[in-house]
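Every chain is numbered from 1, with letters handed out A, B, ... down the list of sequences.
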Protein chains: 2
Amino acid sequence: MTGTEVTQAGAPEPLDASIRASNLKVTAPRLAVLRALTDAPHSTAERLFTAVRLQLPGTSLQAVYGVLAAFTAAGIARKIEPAGSSALFERRVGDNHHHIVCTRCNAVHDVDCAVGDAPCLTPANASGFAVHTAEVTYWGLCPDCQSEAAGTDPTPIGATPVDPTLTAPAQLSNKGAR
Amino acid sequence: MTGTEVTQAGAPEPLDASIRASNLKVTAPRLAVLRALTDAPHSTAERLFTAVRLQLPGTSLQAVYGVLAAFTAAGIARKIEPAGSSALFERRVGDNHHHIVCTRCNAVHDVDCAVGDAPCLTPANASGFAVHTAEVTYWGLCPDCQSEAAGTDPTPIGATPVDPTLTAPAQLSNKGAR
DNA sequence: GCCTTGTTTTGAGGGAATCAAAACAACTGT
DNA sequence: ACAGTTGTTTTGATTCCCTCAAAACAAGGC
């Protein structure tokens with residue numbers, strides 16, 4: 001009943017296998033977190049904690065933090081920290097992908113790399129740095145929020161959504177902006 | 001003597017002018033913060049606070065936060081939040097530039113955009129998002145840390161520098177890694 | 001110079017994440 | 001199957017970074 005036979009679409013290999021493969025001990029909290037992470041990618045520790053508690057009450061928030069730290073260290077999970085939000089976690093690792101965040105509802109989606117392996121990831125002037133990783137975050141409106149923002153109030157749903165004008169990253173060409 | 005005649009290289013226009021130009025009142029704390037920001041770009045609020053106090057004791061940390069919020073809202077400063085570090089501020093705004101962070105000493109440098117205005121900043125699959133801004137952060141070793149890391153300990157200088165393997169953004173081609 | 005409005009100070013508060021020690025459970029080998 | 005070892009989790013506290021609110025205060029317009 002602790003769910004070892006998770007033959008669900010989306011989780012090609014059994015949860016415990018990927019944990020064991022990283023030389024980590026397979027525990028109930030870890031399985032639960034990994035499952036929750038599979039069901040809801042780009043989740044905060046808190047969110048995962050909530051999900052985990054449904055299946056495994058008695059799990060502590062610190063355990064979730066610990067599990068996530070172990071997972072990211074082992075490379076079976078990845079931690080992203082978009083400006084203005086708390087850390088998010090995802091299982092998709094090892095591939096060169098980026099993220100796009102909705103400035104209104106904070107939804108996060110994966111974005112494949114534009115040009116393949118190392119797109120514009122080679123900086124123009126690295127000033128002597130030996131670059132080894134690159135990270136791209138896009139900001140915009142998700143489809144849902146586009147429709148709603150069209151005729152409705154321009155105000156974000158959640159209280160403070162991450163004001164793009166304050167953090168002001170690189171502005172794209174304004175064509176079609178408006 | 002509160003320094004209005006700052007004819008220093010790096011600050012082409014007087015500090016008070018750029019504040020006034022944004023319809024913000026010119027105050028001592030604001031001048032001090034703007035000066036500190038000019039001298040030390042990519043600084044945390046705390047760091048700026050320390051710098052400001054040298055010239056203007058009695059200034060509160062909250063004032064610095066307030067000034068920085070006003071500056072970013074007005075568009076005369078920009079706030080960046082590299083993963084694992086607290087918010088950093090810089091005066092360089094309006095141009096499409098990115099950042100490169102040393103994973104050992106946390107030094108931050110500006111990086112011009114690789115391909116001009118909108119480099120690889122057009123995501124491969126935006127999944128319907130209306131993208132309006134993009135942000136790129138490179139991670140690597142600064143020149144100084146490269147030399148030191150060559151023959152010395154691979155351990156970072158500051159206690160916890162931001163472990164790139166934990167946050168694991170997109171890996172560049174691994175050639176020359178190791 | 002006075003008034004209005006916007007800033008700064010002062011003091012408190014809150015969320016996210018980390019740290020440390022003790023209780024506990026998974027794997028190893030027998 | 002079982003005991004030992006090592007790695008996890010719990011429990012409890014704490015730190016860091018940043019925000020909020022009200023009162024004191026100063027800049028800029030008249």
Nucleotide D:dT19, atom P - distance to CD of B:Glu46 in whole Å: 13 Å

Divergence of helical axes at both termini of the helix from C:dG1-D:dC30 to C:dT30-D:dA1 - five pairs an end, 10° steps: 40°

Salt bridge (Lys or Arg N to Asp or Glu O under 4.0 Å) against A:Asp144, all qualifying residues, sequence neighbours excluded: none

Pairwise salt bridge (charged side-chain N to carboxylate O under 4.0 Å, His left out) hits with a residue in residues 17-27 of chain A, at least two apart: A:Asp16-A:Arg20

Spatial distance of atom OG (B:Ser85) from atom CG (B:Asn106) [nearest 0.5 Å]: 7.0 Å

With A:His109 via ring-ring contact (aromatic ring centres under 6.0 Å, His included) - residues at least two apart: B:Phe129

Atom pair distance, as rounded to whole Å: CG in B:Leu48 and C1' in D:dC17: 14 Å

Sugar-phosphate only, base, or nothing, as touched by B:Ala45 at under 4.0 Å among non-hydrogen atoms: nothing

Residue pairs passing the ring-ring contact (aromatic ring centres under 6.0 Å, His included) test where at least one lies in residues 51-85 of chain B, sequence neighbours excluded: none

Quiz: residues 46-54 of chain A side-chain donor-acceptor pairs under 3.5 angstrom, not counting sequence neighbours:
unit_1: A:Thr50; atom_1: OG1; unit_2: A:Glu46; atom_2: O; d: 3.1
unit_1: A:Arg53; atom_1: NE; unit_2: A:Thr59; atom_2: O; d: 3.2
unit_1: A:Arg53; atom_1: NH2; unit_2: A:Thr59; atom_2: O; d: 3.3

Proximal nucleotide (of C:dA16, D:dC18, C:dC27) relative to the B:Tyr65 side chain: D:dC18

Contacts of type side-chain contact (heavy atoms from CB on, under 4.5 Å), residue A:Pro41, not counting sequence neighbours: none

Sequence-aligned protein contact record of nucleotides 4-9 of chain C, with B where the base is within under 4.0 Å of a protein heavy atom and S where only the sugar-phosphate is: -BSSSB

Nearest-Å distance for atom pair CZ/P, residues A:Phe49 and C:dA16: 13 Å

Pairs satisfying ring-ring contact (aromatic ring centres under 6.0 Å, His included), at least one member in residues 20-46 of chain A, at least two apart: A:His42-A:His99

